[in-house]
Amino acid sequence: MEVESSKPSSTVFEPGLCKPVPTSATSTISNKSVYSETTPTPSQEKQSVEEEGDVTELVELKGTKEWVRRQLVEHEATLLARQQDGADNSTQEEVNTNILHLQSQLHEQSTKLSVQELVLERLQCGDALSKFLFDSPDLGGTEEEPSDKEKEKISEMVKKQNELVFELGKYHKDIQDLQENLDRVKKESFEQQVRNRELMTQVQQRKEGQQQRSQDDSSDRVKMFESHLEQAMSKISSLQHIFQALMIGSQVHWAEDPDMEQLMISLGTPPDI
Amino acid sequence: MAAEEESKMSEVLPREILKPFNKMPVRNAATVLLVGSYGTGKKQLAKSMVDVCTDTGLKLQVRTTTSLPLPEENTDTRPRIDYIAFIIDLTNRLSFSTVQSAVQCVDVEYFLGKACFVVTNVKGTSDHCVEMEEVSRLADMYNTMYICGGIKEGDPDERTTLANRLLQLVEVSAGRKKVSPLLVDLTCRQLSFQEEQTEFYTV
């Protein structure tokens, strides 16, 4: 496997391969075939250990292949994105709707792909299982007894899997119902809040109107009361002057009597509230 | 206004901007960059992430920095940064301003699912110098999610939970999961309902 180094200053670079996998894996690939199960060897334990080692390496290689594929997809997508010219004339809303549209497409495609992969895996597992359980073994009759035990184990596991899948289906249905409920409740609460807002604005408007009206009324009433007060004050002061004039005209010696003196002085001071 | 923006942008040189595709990815390895000012708990978070990661078979390298752009001396030896976490402490105004200046030195491709904001000290609003609205506005501006968690305060379990969450996001951006980072970024926001909500708040 070759490793290409990226150019340090460029903005666009050629996607290279990943780092080399551990040399032990490469040596086994080059030296012997992975599918060594069909070749009969004298020691079965040695064969099973080797098979396990091969299987783990195969799984690791498969993982590496998937990882490289994903990196390639990411780099190619970035390249594509950089090559596209950004349309500067479009408004923010147009950009937002574009983004939404693209995101829903991405969502759709990813779910499709993952469903397809799941279905494929299921089919492969089912196929392997049915072959193991129902097809007659190619090797001799000495291997029948252990394969029966294994068959029992596997049939138990299949039964358990069926039960689990059934439970899962039930949970899914419950979750779906709950989700629908939640959505409905969210919508209702949102509508309620909007209605509340409207009612609050109405209440606010009415309150303001009421306050305005009361202010107008009160200003009229205040003016009326003020005029009444002025009239009363002027009446009081004129009565004061009349009493003063009466006392002076009656030729009573008001200065000699302290009470009369006090009265005369109080009649002279203007009314103060 | 446009002239001011241009002058601000010219302060950051193109070679200083952190780009995700400048270097080769490495199998079974990932590098996280934690950006935050002093006292935000980067080292503790880094240690928790490394502790959590030991069982998963991923070689995680956590790098911390108090500001961007990164120094040029280590550019050749530094591996590709797969994920950036900006740490904001709501009780520390400097952490928020550090993050605000740091996001300008990061390429826009990081904000498509390879970056997030980590907000700490969210509980107990009496000590807050930074409003949560400012943080959510920043996150909306960069179309990136933010995670609330605890690093220094509270249980060590909170720190482990936060480390776990960050680790899942890092694994996705390093390509170890079957999901692409864009898909994760897309599914963390419900855009249609969010638009209705913004209408409601402006009434």
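Remember, predicted model here, so these are calculated numbers, not experimental data. A, B, ... follow the sequence lines: proteins, then strands. Residue 1 opens every chain.
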Quiz item: Any donor and acceptor pair, going by atom type alone, linking the side chain of A:W67 with main-chain N or O of B:N28 inside 3.5 Å?
Solution: no
Quiz item: Is it the backbone or the side chain of B:L182 that comes under 4.5 Å from a heavy atom of chain A, or both, or neither?
Solution: both
Quiz item: Going by an N to O cut-off under 4.0 Å, is there a salt bridge joining A:R82 and B:E109?
Solution: yes
Practice problem: Start with the C-alpha gap between B:S180 and A:R70, add the side-chain angles, then the distance that decides, and say whether side-chain hydrogen bond (donor to acceptor under 3.5 Å, both in side chains) holds. | Solution: CA-CA 8 Å; B:S180 77; A:R70 278 195 290 271; over 6 Å; no
Self-check item: Exceeds 12 heavy-atom contacts within 6.0 angstrom, atom CD of A:E180
Solution: yes
Exercise. With chain B as the partner chain, list the residues of residues 104-122 of chain A whose heavy atoms fall under 4.5 Å from it, by residue number, and write 'none' if nothing qualifies.
Key: A:L106, A:H107, A:S110, A:E117, A:E121
Self-check item: Any residue of residues 77-87 of chain B which, by heavy atoms, sits under 4.5 Å from chain A
Solution: B:R80
Mind listing the side-chain donor-acceptor pairs of residues 40-49 of chain B below 3.5 Å, one per line with the distance, residues two or more places apart or on another chain?
{"residue": "B:T40", "atom": "OG1", "partner": "B:S37", "partner atom": "O", "Å": "2.7"}
{"residue": "B:K42", "atom": "NZ", "partner": "B:G36", "partner atom": "O", "Å": "2.9"}
{"residue": "B:K42", "atom": "NZ", "partner": "B:S37", "partner atom": "O", "Å": "3.2"}
{"residue": "B:K47", "atom": "NZ", "partner": "B:D51", "partner atom": "OD2", "Å": "3.4"}
{"residue": "B:S48", "atom": "OG", "partner": "B:Q44", "partner atom": "O", "Å": "2.9"}

Quiz prompt | Side chain / backbone / both / neither for B:P181 at chain A, heavy atoms under 4.5 Å | solution = side chain
Practice problem: Count the heavy atoms of every other residue, nucleotide or ligand shown that sit under 6.0 Å from CE of A:M157, and state whether that count exceeds 12. | Solution: no
Self-check item: Heavy-atom side-chain contact between B:P25 and A:E74 under 4.5 Å
Solution: no
Quiz prompt | side-chain contact (heavy atoms from CB on, under 4.5 Å) against A:A77, all qualifying residues, sequence neighbours excluded | solution = none
Quiz item: In terms of heavy-atom contacts, does CZ of B:R165 have more than 12 from other residues, nucleotides or ligands at under 6.0 Å?
Solution: no
